[in-house]
Amino acid sequence: MGYRLTVIPGDGIGREISPLLIDFLEELSDLLGLGLEIEVHHAGDRCLEELGVALPEETVKAVASSDATLKGPVGETAMDVVVRLRQMFDLYANVRPAKSYPGVKCLRDDIDLVIVRENTEGLYKGLEFEGGDCAVGLRVMTKRACERIAEYAFGLAELRKGKVVAVHKANVLRKTCGLFSRVCREVASRHPGVEFGEMYVDAAAMNLIRQPQSFDVLLTTNMFGDILSDEASQLVGGLGMAPSANLGEGRAMFEPVHGSAPDIAGMGIANPFSTVLSAKLMFEWLYERKGDEACRTASELIESSVVDALTEGFKTPDLGGDKKTADVMSYLKDRVRHKV
Ligand code: ATP
């Protein structure tokens, strides 16, 4: 079929992981006949330093014209890059799975949940003002945005364990979270096959640690989802194990949840699984859209190779291992070659 992919390496460890990822994807493409055409475009802090702009027009055009984008982490310019791309392309659903994999020290071995976070509104709309000693941030919530994120979450739950918990704070944020909660209930009534519950965000933060295995899909607003997904990643081995998808109508961008990790950048020890598992989510999404079996195979192959790597101890120091990023990626490349 053939797919045009844009890869944005980003900053810090993103620059170390990206070339290895591209090499791995090219191997997969050859093995499975995916017909990937990969183009590299830049954005982030380094891009700002070198070109004077954090998100060049040329990168935006590449994202617009490709079938999917794989983005690495960016540092201080996240607001100008990630948040802008999400808003520009209306990537309204931020999907962040947290899953226990064998060989990784997890809180429990039966965690398999997904945080579905509204990605375009709320407190991250960027409407902040200051004057004198006072600063104000506006939290924008619309019925349309609440409805479409809720529809996405219920659709996803129908394909998974059939449970949605809407996370908010409607007892305090009566208007904004009140609207979110009302709309979630309306959408729940259209999905009678899905078990629906609601939880205040503080209780959700507690229950994620107390009984993470009880969750399937957590449906929430922008900032709550940002915070809860970093928490969830710690239950399953940390940020190096946390992939994510930003989905819109017909367009998508996939990225690790972690940042540019300046403390370990340049050492060659970054955990690449969050990026690799983001590529898995990309192939899953391409399969759902195009029905191309090769994409489904790619997604399954990536996950089973990650499981093999972890089981055989191909782990970077954050997971208690002693392997370098390049060792892990080279194992994965060999593994997919053997499996096909
Ligand atoms: P940002 O502001 O860009 O989010 P940050 O330093 O606040 O940056 P991260 O870059 O996500 O957040 O890093 C948080 C911690 O997790 C750091 O100690 C970093 O080394 C570690 N970390 C993040 N990603 C990885 C990874 N892929 N492999 C190993 N360690 C990681």
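These values consider heavy atoms only, across backbone and side chains, with no hydrogens, waters or symmetry-generated copies. Since we're looking at a predicted model, the values are computed, not measured. We count ligands from 1, going down the list as the structure has it; atoms in each ligand are counted the same way.
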Exercise for the section: Would you please test Phe154 and Phe196 for ring pair (Phe, Tyr, Trp, His ring centres under 6.0 Å) and show each step? Expected result: CA-CA 9 Å; Phe154 279 85; Phe196 175 65; 5.7 Å; yes

Handout entry: Under-4.0 Å protein heavy-atom contact, atom 5 (P) of ligand 1
Key = no

Problem - Atoms of ligand 1, numbered as shown, that sit under 4.0 Å from any heavy atom of Asp318 - result: 29 (C)

Completion exercise
In short, salt bridge (Lys or Arg N to Asp or Glu O under 4.0 Å) pairs touching residues 4-33 with sequence neighbours left out are Arg4-Glu39, Asp23-Lys333, Glu27-Arg337

Completion exercise
Numbered in order shown, the ligand 1 atoms found under 4.0 Å of a heavy atom of Ser260 are 3 (O), 10 (O)

Exercise for the section: Using a 4.0 Å heavy-atom threshold (strictly under), name the region of Ile13 that reaches ligand 1: side chain, backbone, both or neither. Expected result: side chain

Exercise for the section: Might you work through the side-chain hydrogen bond (donor to acceptor under 3.5 Å, both in side chains) test for Tyr124 and Asn119, ending with a clear yes or no? Expected result: CA-CA 8 Å; Tyr124 289 5; Asn119 218 13; over 6 Å; no

Practice task
Please work out whether any backbone atom (N, CA, C, O) or any side-chain heavy atom from C-beta onward of Asp263 is under 4.0 Å from ligand 1, and answer side chain, backbone, both or neither.
Solution key: side chain

Exercise for the section: Begin from the C-alpha positions of Glu121 and Asn222 and carry the test side-chain hydrogen bond (donor to acceptor under 3.5 Å, both in side chains) through to its verdict. Expected result: CA-CA 7 Å; Glu121 302 192 328; Asn222 205 338; over 6 Å; no

Problem - Heavy-atom protein contact below 4.0 Å for atom 9 (P) of ligand 1 - result: yes

Completion exercise
So the atoms of ligand 1 within less than 4.0 Å of a heavy atom of Leu239 turn out to be 11 (O), 14 (C), 16 (O)

Practice task
May I ask whether atom 21 (C) of ligand 1 is less than 4.0 Å from at least one protein heavy atom?
Solution key: no

Handout entry: Under the ring pair (Phe, Tyr, Trp, His ring centres under 6.0 Å) test, residues paired with Tyr331 that sit two or more places apart
Key = Phe314

Handout entry: Among Thr325, Ile264, Ile17, Thr316, closest by any non-hydrogen atom to atom 29 (C) of ligand 1
Key = Ile264

Handout entry: Which of the ligand 1 atoms, numbered from 1, are nearer than 4.0 Å to a heavy atom of Val74
Key = 3 (O)

Problem - Any donor-acceptor N or O pair under 3.5 Å, side chains Arg139, Thr221 - result: yes

Problem - atom 2 (O) of ligand 1 protein-contacted, heavy-atom criterion under 4.0 angstrom - result: no

